[in-house]
K.L.:
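Encoded as C-alpha coordinates, here's the structure I'll be asking about.
By convention in this document, chain letters (A, B, ...) are assigned in the order of the sequence lines, proteins followed by strands, and residues within each chain are numbered from 1.
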Protein chains: 2
Amino acid sequence: MVLLELSNVNINSNPSLSSNQPEQMQFVEEVGLMFELAGLPRMSGRIFGWLLLSSPQRQSHGQLAEVLQASKGSISTMTRLLIQIGLIERISIPGERRDYFQIRPNAWSQMTKQRMAQITAFKELAAKGLDLLKDSPPVQQQRLREMHDLHAFLEREMPLLDQRWEVEQQQQLKRETVS
Amino acid sequence: MVLLELSNVNINSNPSLSSNQPEQMQFVEEVGLMFELAGLPRMSGRIFGWLLLSSPQRQSHGQLAEVLQASKGSISTMTRLLIQIGLIERISIPGERRDYFQIRPNAWSQMTKQRMAQITAFKELAAKGLDLLKDSPPVQQQRLREMHDLHAFLEREMPLLDQRWEVEQQQQLKRETVS
DNA sequence: TTGAATGTTCAGTACTGATTGAACAAATGG
DNA sequence: CCATTTGTTCAATCAGTACTGAACATTCAA
(Lines give C-alpha, C1' and ligand atoms only; values in the text may rest on other atoms or scores of the structure.)
Protein backbone atom coordinates (compact mmCIF):
# COMPACT_ATOMS: atom_id res chain seq x y z
CA MET A 1 0.00 0.00 0.00
CA VAL A 2 1.16 3.50 -0.71
CA LEU A 3 0.94 6.05 2.07
CA LEU A 4 0.71 9.64 1.05
CA GLU A 5 2.60 12.20 3.07
CA LEU A 6 0.75 15.38 3.76
CA SER A 7 2.22 18.40 5.43
CA ASN A 8 0.48 21.52 6.66
CA VAL A 9 -2.95 20.15 5.92
CA ASN A 10 -5.53 22.75 4.95
CA ILE A 11 -3.20 25.61 5.64
CA ASN A 12 -0.67 24.93 3.00
CA SER A 13 -1.24 21.61 1.41
CA ASN A 14 0.73 20.76 -1.70
CA PRO A 15 3.99 19.92 -0.02
CA SER A 16 5.84 19.53 -3.25
CA LEU A 17 7.70 21.99 -5.38
CA SER A 18 8.31 24.35 -2.50
CA SER A 19 5.73 26.57 -4.17
CA ASN A 20 4.31 25.90 -0.75
CA GLN A 21 3.28 29.36 0.44
CA PRO A 22 6.08 31.59 -0.71
CA GLU A 23 6.01 33.59 2.52
CA GLN A 24 6.53 30.45 4.53
CA MET A 25 9.47 29.49 2.36
CA GLN A 26 10.90 32.94 2.80
CA PHE A 27 10.65 32.55 6.54
CA VAL A 28 12.38 29.19 6.31
CA GLU A 29 15.12 30.77 4.29
CA GLU A 30 15.61 33.53 6.81
CA VAL A 31 15.94 31.07 9.65
CA GLY A 32 18.54 29.34 7.49
CA LEU A 33 20.50 32.55 7.19
CA MET A 34 20.29 33.21 10.92
CA PHE A 35 21.66 29.78 11.64
CA GLU A 36 24.46 30.37 9.22
CA LEU A 37 25.26 33.61 11.01
CA ALA A 38 25.44 31.60 14.20
CA GLY A 39 27.91 29.22 12.62
CA LEU A 40 25.57 26.34 11.82
CA PRO A 41 24.90 24.94 8.35
CA ARG A 42 22.18 26.74 6.49
CA MET A 43 20.27 23.57 5.79
CA SER A 44 20.01 22.81 9.49
CA GLY A 45 18.38 26.20 9.89
CA ARG A 46 15.97 25.52 7.05
CA ILE A 47 14.87 22.31 8.72
CA PHE A 48 14.44 24.06 12.03
CA GLY A 49 12.55 26.91 10.37
CA TRP A 50 10.16 24.56 8.65
CA LEU A 51 9.54 22.63 11.86
CA LEU A 52 8.59 25.93 13.49
CA LEU A 53 5.73 26.37 11.02
CA SER A 54 4.72 22.91 9.90
CA SER A 55 1.42 21.33 10.65
CA PRO A 56 1.47 18.77 11.96
CA GLN A 57 4.45 19.70 14.04
CA ARG A 58 6.14 16.43 13.35
CA GLN A 59 7.46 15.98 9.84
CA SER A 60 8.95 12.92 8.25
CA HIS A 61 12.36 12.61 6.68
CA GLY A 62 10.72 12.43 3.27
CA GLN A 63 8.50 15.43 3.85
CA LEU A 64 11.49 17.51 4.87
CA ALA A 65 13.41 16.49 1.77
CA GLU A 66 10.50 17.36 -0.47
CA VAL A 67 9.43 20.63 1.11
CA LEU A 68 12.97 21.93 1.38
CA GLN A 69 14.03 20.56 -1.99
CA ALA A 70 17.04 18.93 -0.43
CA SER A 71 18.69 15.58 -0.87
CA LYS A 72 17.96 12.73 1.50
CA GLY A 73 21.60 12.71 2.47
CA SER A 74 21.55 16.28 3.52
CA ILE A 75 18.39 15.80 5.58
CA SER A 76 19.93 12.80 7.26
CA THR A 77 23.12 14.62 8.18
CA MET A 78 21.42 17.78 9.34
CA THR A 79 18.72 16.12 11.44
CA ARG A 80 21.48 14.19 13.15
CA LEU A 81 23.24 17.46 13.89
CA LEU A 82 20.08 19.13 15.18
CA ILE A 83 19.34 16.18 17.42
CA GLN A 84 22.88 16.20 18.70
CA ILE A 85 22.72 19.83 19.74
CA GLY A 86 19.32 19.24 21.27
CA LEU A 87 17.11 21.38 19.06
CA ILE A 88 14.89 18.66 17.62
CA GLU A 89 13.96 15.11 18.50
CA ARG A 90 13.28 12.01 16.48
CA ILE A 91 9.86 10.47 16.85
CA SER A 92 9.44 6.89 15.82
CA ILE A 93 5.99 5.37 15.72
CA PRO A 94 5.49 1.64 16.23
CA GLY A 95 4.48 0.00 13.01
CA GLU A 96 5.63 3.01 11.01
CA ARG A 97 8.74 2.66 9.00
CA ARG A 98 9.57 6.30 8.61
CA ASP A 99 11.05 8.62 11.16
CA TYR A 100 9.50 11.88 12.22
CA PHE A 101 11.19 14.93 13.60
CA GLN A 102 9.88 17.77 15.68
CA ILE A 103 11.18 20.67 17.66
CA ARG A 104 12.10 19.78 21.21
CA PRO A 105 9.82 21.33 23.82
CA ASN A 106 12.55 23.45 25.37
CA ALA A 107 14.75 23.76 22.33
CA TRP A 108 15.92 27.22 23.15
CA SER A 109 17.34 26.38 26.51
CA GLN A 110 19.69 24.11 24.58
CA MET A 111 20.82 27.16 22.68
CA THR A 112 21.69 28.93 25.91
CA LYS A 113 23.56 25.84 27.07
CA GLN A 114 25.71 26.02 23.99
CA ARG A 115 26.26 29.69 24.62
CA MET A 116 27.31 28.90 28.16
CA ALA A 117 29.92 26.51 26.91
CA GLN A 118 31.34 29.25 24.75
CA ILE A 119 31.44 31.66 27.66
CA THR A 120 33.32 29.15 29.75
CA ALA A 121 35.75 28.56 26.93
CA PHE A 122 36.44 32.28 26.70
CA LYS A 123 36.94 32.50 30.43
CA GLU A 124 39.43 29.66 30.39
CA LEU A 125 41.26 31.02 27.42
CA ALA A 126 41.67 34.31 29.28
CA ALA A 127 43.00 32.44 32.30
CA LYS A 128 45.52 30.74 30.06
CA GLY A 129 46.59 34.10 28.72
CA LEU A 130 46.93 35.53 32.21
CA ASP A 131 49.15 32.66 33.11
CA LEU A 132 51.45 33.60 30.26
CA LEU A 133 51.65 37.13 31.64
CA LYS A 134 51.98 36.18 35.28
CA ASP A 135 55.34 37.94 35.58
CA SER A 136 54.19 41.09 33.83
CA PRO A 137 53.02 44.25 35.54
CA PRO A 138 49.29 44.45 36.26
CA VAL A 139 48.78 47.06 33.56
CA GLN A 140 49.78 44.47 31.03
CA GLN A 141 47.38 41.97 32.47
CA GLN A 142 44.43 44.29 32.52
CA ARG A 143 43.07 43.44 29.08
CA LEU A 144 42.99 39.75 29.89
CA ARG A 145 41.74 40.38 33.39
CA GLU A 146 38.73 42.19 31.98
CA MET A 147 38.08 39.39 29.52
CA HIS A 148 38.35 36.85 32.28
CA ASP A 149 36.23 38.62 34.84
CA LEU A 150 33.46 39.45 32.42
CA HIS A 151 33.11 35.87 31.34
CA ALA A 152 33.27 34.62 34.89
CA PHE A 153 30.48 37.07 35.65
CA LEU A 154 28.39 35.80 32.77
CA GLU A 155 29.09 32.21 33.69
CA ARG A 156 27.65 32.98 37.10
CA GLU A 157 24.73 35.09 35.98
CA MET A 158 23.39 33.43 32.87
CA PRO A 159 22.04 30.36 34.67
CA LEU A 160 20.21 32.66 37.08
CA LEU A 161 18.70 34.54 34.18
CA ASP A 162 17.66 31.22 32.72
CA GLN A 163 15.94 30.32 35.96
CA ARG A 164 14.09 33.62 36.02
CA TRP A 165 12.89 32.84 32.52
CA GLU A 166 11.57 29.47 33.60
CA VAL A 167 9.63 31.10 36.42
CA GLU A 168 8.20 33.76 34.15
CA GLN A 169 7.17 31.04 31.72
CA GLN A 170 5.30 29.17 34.43
CA GLN A 171 3.45 32.28 35.52
CA GLN A 172 2.52 33.04 31.94
CA LEU A 173 1.12 29.54 31.64
CA LYS A 174 -0.85 29.86 34.85
CA ARG A 175 -2.35 33.14 33.75
CA GLU A 176 -3.45 31.55 30.50
CA THR A 177 -5.19 28.63 32.14
CA VAL A 178 -7.05 31.00 34.43
CA SER A 179 -8.37 33.34 31.79
CA MET B 1 66.68 56.93 9.03
CA VAL B 2 65.57 53.46 9.76
CA LEU B 3 63.27 52.87 12.71
CA LEU B 4 63.31 49.47 14.26
CA GLU B 5 60.05 47.98 15.42
CA LEU B 6 60.19 46.16 18.70
CA SER B 7 57.37 44.18 20.20
CA ASN B 8 57.12 42.66 23.65
CA VAL B 9 60.37 44.17 24.78
CA ASN B 10 62.26 42.14 27.34
CA ILE B 11 59.47 39.61 27.67
CA ASN B 12 59.58 38.21 24.24
CA SER B 13 61.81 40.22 22.05
CA ASN B 14 62.62 38.83 18.64
CA PRO B 15 59.39 39.72 16.92
CA SER B 16 60.27 37.89 13.78
CA LEU B 17 59.82 34.33 12.69
CA SER B 18 56.94 33.76 15.09
CA SER B 19 59.33 31.59 17.01
CA ASN B 20 58.24 34.24 19.43
CA GLN B 21 57.40 32.28 22.58
CA PRO B 22 55.66 29.20 21.31
CA GLU B 23 53.11 29.31 24.11
CA GLN B 24 52.13 32.82 23.19
CA MET B 25 51.69 31.79 19.60
CA GLN B 26 49.59 28.88 20.70
CA PHE B 27 47.39 31.24 22.66
CA VAL B 28 47.06 33.47 19.62
CA GLU B 29 46.07 30.49 17.56
CA GLU B 30 43.44 29.45 20.05
CA VAL B 31 41.88 32.87 20.04
CA GLY B 32 41.83 32.57 16.26
CA LEU B 33 39.90 29.33 16.51
CA MET B 34 37.44 30.82 18.98
CA PHE B 35 36.76 33.70 16.65
CA GLU B 36 36.23 31.29 13.83
CA LEU B 37 33.74 29.41 15.95
CA ALA B 38 31.95 32.67 16.48
CA GLY B 39 31.78 33.25 12.74
CA LEU B 40 34.63 35.71 12.36
CA PRO B 41 37.73 35.20 10.21
CA ARG B 42 40.49 33.33 11.96
CA MET B 43 43.04 36.01 11.20
CA SER B 44 40.96 38.65 12.94
CA GLY B 45 41.08 36.44 16.00
CA ARG B 46 44.83 36.05 15.72
CA ILE B 47 45.25 39.79 15.66
CA PHE B 48 42.98 40.21 18.64
CA GLY B 49 44.77 37.43 20.49
CA TRP B 50 48.15 39.00 19.91
CA LEU B 51 46.91 42.39 21.03
CA LEU B 52 45.77 40.77 24.27
CA LEU B 53 49.36 39.76 25.05
CA SER B 54 51.59 42.22 23.30
CA SER B 55 53.79 44.66 25.04
CA PRO B 56 53.48 47.45 24.36
CA GLN B 57 49.75 47.08 24.02
CA ARG B 58 49.77 49.03 20.82
CA GLN B 59 51.25 47.25 17.83
CA SER B 60 51.91 48.60 14.39
CA HIS B 61 50.59 47.26 11.13
CA GLY B 62 54.04 45.99 10.29
CA GLN B 63 54.58 44.33 13.63
CA LEU B 64 51.30 42.47 13.31
CA ALA B 65 52.21 41.26 9.85
CA GLU B 66 55.57 40.03 11.03
CA VAL B 67 54.56 38.40 14.30
CA LEU B 68 51.55 36.69 12.79
CA GLN B 69 53.33 35.80 9.56
CA ALA B 70 50.53 37.27 7.54
CA SER B 71 50.41 39.43 4.46
CA LYS B 72 50.00 43.18 4.73
CA GLY B 73 46.76 42.87 2.83
CA SER B 74 45.27 40.51 5.31
CA ILE B 75 46.28 42.70 8.25
CA SER B 76 44.77 45.71 6.55
CA THR B 77 41.45 43.99 5.89
CA MET B 78 41.19 42.38 9.29
CA THR B 79 42.11 45.44 11.33
CA ARG B 80 39.43 47.32 9.40
CA LEU B 81 36.94 44.61 10.35
CA LEU B 82 37.97 44.63 14.00
CA ILE B 83 37.69 48.39 14.14
CA GLN B 84 34.31 48.25 12.49
CA ILE B 85 32.91 45.86 15.06
CA GLY B 86 34.46 47.92 17.82
CA LEU B 87 37.01 45.51 19.24
CA ILE B 88 40.17 47.47 18.49
CA GLU B 89 41.07 51.04 17.71
CA ARG B 90 43.57 52.69 15.47
CA ILE B 91 46.14 54.92 17.12
CA SER B 92 47.93 57.43 14.99
CA ILE B 93 50.79 59.37 16.40
CA PRO B 94 51.69 62.83 15.07
CA GLY B 95 54.96 62.70 13.20
CA GLU B 96 54.72 58.94 12.92
CA ARG B 97 53.90 57.50 9.58
CA ARG B 98 52.74 54.11 10.71
CA ASP B 99 49.47 53.22 12.32
CA TYR B 100 49.12 51.42 15.61
CA PHE B 101 46.33 49.26 16.82
CA GLN B 102 45.25 48.32 20.29
CA ILE B 103 42.34 46.70 22.03
CA ARG B 104 39.55 49.10 22.85
CA PRO B 105 39.11 49.72 26.56
CA ASN B 106 35.64 48.20 26.71
CA ALA B 107 36.00 45.84 23.80
CA TRP B 108 33.81 43.18 25.31
CA SER B 109 30.79 45.34 25.73
CA GLN B 110 30.88 45.63 21.95
CA MET B 111 30.63 41.88 21.81
CA THR B 112 27.48 41.95 23.90
CA LYS B 113 26.07 44.68 21.69
CA GLN B 114 26.51 42.43 18.70
CA ARG B 115 24.89 39.63 20.62
CA MET B 116 21.96 41.90 21.45
CA ALA B 117 21.43 42.63 17.78
CA GLN B 118 21.23 38.91 17.15
CA ILE B 119 18.69 38.46 19.91
CA THR B 120 16.53 41.20 18.48
CA ALA B 121 16.76 39.64 15.05
CA PHE B 122 15.59 36.32 16.45
CA LYS B 123 12.71 38.00 18.21
CA GLU B 124 11.59 39.73 15.07
CA LEU B 125 11.93 36.62 12.99
CA ALA B 126 9.67 34.83 15.45
CA ALA B 127 7.15 37.65 15.20
CA LYS B 128 7.19 37.28 11.46
CA GLY B 129 6.55 33.57 11.81
CA LEU B 130 3.69 34.15 14.21
CA ASP B 131 2.15 36.50 11.71
CA LEU B 132 2.17 33.70 9.16
CA LEU B 133 0.32 31.48 11.63
CA LYS B 134 -2.09 34.12 12.86
CA ASP B 135 -5.11 32.07 11.72
CA SER B 136 -3.84 28.82 13.21
CA PRO B 137 -4.83 27.39 16.56
CA PRO B 138 -2.68 28.48 19.52
CA VAL B 139 -1.14 25.02 19.80
CA GLN B 140 0.41 25.58 16.40
CA GLN B 141 1.74 28.93 17.44
CA GLN B 142 3.29 27.73 20.64
CA ARG B 143 6.74 26.91 19.24
CA LEU B 144 7.11 30.37 17.79
CA ARG B 145 5.54 31.99 20.82
CA GLU B 146 8.24 30.45 23.00
CA MET B 147 10.95 31.59 20.62
CA HIS B 148 9.51 35.08 20.58
CA ASP B 149 8.96 35.47 24.30
CA LEU B 150 12.34 34.13 25.26
CA HIS B 151 14.12 36.57 23.01
CA ALA B 152 11.95 39.44 24.15
CA PHE B 153 12.90 38.47 27.68
CA LEU B 154 16.59 38.45 26.84
CA GLU B 155 16.29 41.72 24.98
CA ARG B 156 14.91 43.22 28.17
CA GLU B 157 17.28 41.56 30.61
CA MET B 158 20.66 41.58 28.93
CA PRO B 159 21.14 45.34 29.18
CA LEU B 160 20.35 45.14 32.88
CA LEU B 161 22.93 42.42 33.30
CA ASP B 162 25.39 44.60 31.46
CA GLN B 163 24.69 47.44 33.86
CA ARG B 164 25.24 45.17 36.85
CA TRP B 165 28.58 44.24 35.33
CA GLU B 166 29.59 47.87 34.99
CA VAL B 167 28.75 48.45 38.63
CA GLU B 168 30.69 45.42 39.77
CA GLN B 169 33.64 46.58 37.68
CA GLN B 170 33.62 49.96 39.37
CA GLN B 171 33.56 48.42 42.83
CA GLN B 172 36.40 46.11 41.90
CA LEU B 173 38.40 49.11 40.80
CA LYS B 174 37.65 51.01 43.98
CA ARG B 175 38.71 48.08 46.11
CA GLU B 176 41.99 47.92 44.23
CA THR B 177 42.84 51.59 44.69
CA VAL B 178 42.14 51.30 48.43
CA SER B 179 44.31 48.28 49.10
C1' DT C 1 61.68 65.18 -7.62
C1' DT C 2 62.99 60.93 -6.30
C1' DG C 3 63.20 57.08 -3.12
C1' DA C 4 61.78 54.74 0.93
C1' DA C 5 58.35 53.43 4.09
C1' DT C 6 53.70 52.46 4.89
C1' DG C 7 48.78 51.19 3.72
C1' DT C 8 44.99 49.87 0.75
C1' DT C 9 42.69 47.48 -2.90
C1' DC C 10 41.78 43.80 -5.68
C1' DA C 11 42.29 39.84 -8.69
C1' DG C 12 43.64 35.18 -8.23
C1' DT C 13 44.38 31.02 -5.42
C1' DA C 14 43.60 27.71 -2.05
C1' DC C 15 40.89 25.80 1.17
C1' DT C 16 37.09 24.62 3.83
C1' DG C 17 32.86 22.85 4.30
C1' DA C 18 27.99 22.29 2.61
C1' DT C 19 25.36 19.66 -0.56
C1' DT C 20 24.37 16.19 -3.80
C1' DG C 21 23.80 11.62 -5.65
C1' DA C 22 24.78 7.00 -5.77
C1' DA C 23 25.71 2.88 -3.46
C1' DC C 24 24.62 0.38 0.44
C1' DA C 25 21.87 -1.33 4.61
C1' DA C 26 17.78 -2.42 7.02
C1' DA C 27 13.11 -3.11 7.60
C1' DT C 28 8.44 -4.34 5.84
C1' DG C 29 4.94 -6.65 3.25
C1' DG C 30 3.51 -9.56 -0.27
C1' DC D 1 12.61 -14.68 -1.07
C1' DC D 2 12.00 -10.53 -3.65
C1' DA D 3 10.48 -5.73 -4.33
C1' DT D 4 9.67 -1.52 -2.14
C1' DT D 5 10.25 1.99 1.06
C1' DT D 6 13.16 4.37 4.06
C1' DG D 7 17.45 5.97 5.97
C1' DT D 8 22.65 6.32 6.20
C1' DT D 9 27.26 6.85 4.48
C1' DC D 10 30.61 8.57 1.67
C1' DA D 11 33.08 10.13 -2.42
C1' DA D 12 32.75 13.89 -5.63
C1' DT D 13 31.27 18.46 -6.69
C1' DC D 14 30.26 23.11 -5.94
C1' DA D 15 30.26 27.54 -3.65
C1' DG D 16 31.79 30.74 -0.69
C1' DT D 17 35.41 33.01 1.52
C1' DA D 18 39.93 33.73 3.78
C1' DC D 19 44.34 34.88 2.40
C1' DT D 20 48.14 36.14 -0.56
C1' DG D 21 50.82 38.98 -3.53
C1' DA D 22 51.23 42.50 -6.65
C1' DA D 23 49.97 46.91 -8.26
C1' DC D 24 48.74 51.28 -6.81
C1' DA D 25 48.31 55.41 -3.55
C1' DT D 26 50.05 58.31 -0.04
C1' DT D 27 53.19 60.43 2.94
C1' DC D 28 57.57 61.91 4.38
C1' DA D 29 62.52 62.93 3.96
C1' DA D 30 66.45 63.87 1.52
K.L.:
A:His61 side chain N/O closer than 4.0 Å to the phosphate oxygens (OP1, OP2) of D:dT6?
P.N.:
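Answer is no, no contact under 4.0 Å.
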
K.L.:
Rounded to whole Å, please give me the gap between CZ in B:Arg98 and C1' in C:dT6.
P.N.:
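Distance, rounded to whole Å: 9 Å.
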
K.L.:
Nearest to the side chain of A:Met43, heavy atoms from C-beta on, is which of C:dT8, C:dT19, D:dA18?
P.N.:
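Of C:dT8, C:dT19, D:dA18, C:dT19 is nearest to the side chain of A:Met43.
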
K.L.:
Below 4.0 angstrom from OP1 or OP2 of C:dT20, is there any side-chain N or O of A:Ser74?
P.N.:
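Result: yes.
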
K.L.:
Atom NZ of B:Lys72 and atom C1' of D:dA18: how far apart are they, to the nearest Å?
P.N.:
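About 19 Å, once rounded to whole Å.
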
K.L.:
Take the protein atom CD1 of B:Ile75 and the nucleotide atom P of D:dG21, then report the distance between them rounded to whole Å.
P.N.:
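Rounded to the whole Å, the gap is 13 Å.
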
K.L.:
Please determine, by modelled atom types, if A:Gln102 and A:Glu89 share a side-chain donor-acceptor pair under 3.5 angstrom.
P.N.:
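Yes - a donor-acceptor pair under 3.5 Å links their side chains.
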
K.L.:
Report the distance from atom CG of B:Leu40 to atom C1' of D:dC19, rounded to the nearest whole Å.
P.N.:
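Rounded to the whole Å, the gap is 16 Å.
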
K.L.:
A:Leu82 CG to C:dA18 P: how many Å, rounded?
P.N.:
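It works out to 13 Å between those atoms.
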
K.L.:
Any donor-acceptor pair under 3.5 Å linking the side chain of B:Thr120 with the backbone of B:Met116?
P.N.:
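A pair under 3.5 Å: yes.
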
K.L.:
Quick one: sort the A:Phe35 and A:Phe48 rings into parallel, tilted or perpendicular, breaks at 30° and 60°.
P.N.:
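Tilted: the ring planes of A:Phe35 and A:Phe48 meet at 30° to 60°.
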
K.L.:
Assuming nearest nucleotide by heavy-atom distance, tell me which of A:Gly39 and A:Gly73 is located more 5' along DNA chain C.
P.N.:
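Its nearest nucleotide lies further toward 5', so the answer is A:Gly39.
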
K.L.:
What is the distance from CG of A:Leu68 to C1' of C:dT20, rounded to the nearest Å?
P.N.:
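Atom-to-atom, A:Leu68 to C:dT20, this comes out as 15 Å.
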
K.L.:
Rounding to an integer number of Å, can you tell me how far B:Arg97 CZ sits from C:dG7 C1'?
P.N.:
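Going from CZ in B:Arg97 over to C1' in C:dG7 covers 11 Å.
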
K.L.:
In whole angstroms, how far is the P atom of D:dG7 from the CZ atom of A:Arg80?
P.N.:
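Atom CZ in A:Arg80 sits about 14 Å away from atom P in D:dG7.
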
K.L.:
Give the nucleotide from the list D:dT20, D:dG7, C:dT19 with an atom nearest to the side chain of A:Arg46.
P.N.:
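Among the listed nucleotides, the one closest to the side chain of A:Arg46 is C:dT19.
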
K.L.:
Counting only heavy atoms not in A:Gln118, do more than 12 sit closer than 6.0 Å to its CD atom?
P.N.:
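Yes, enclosed.
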
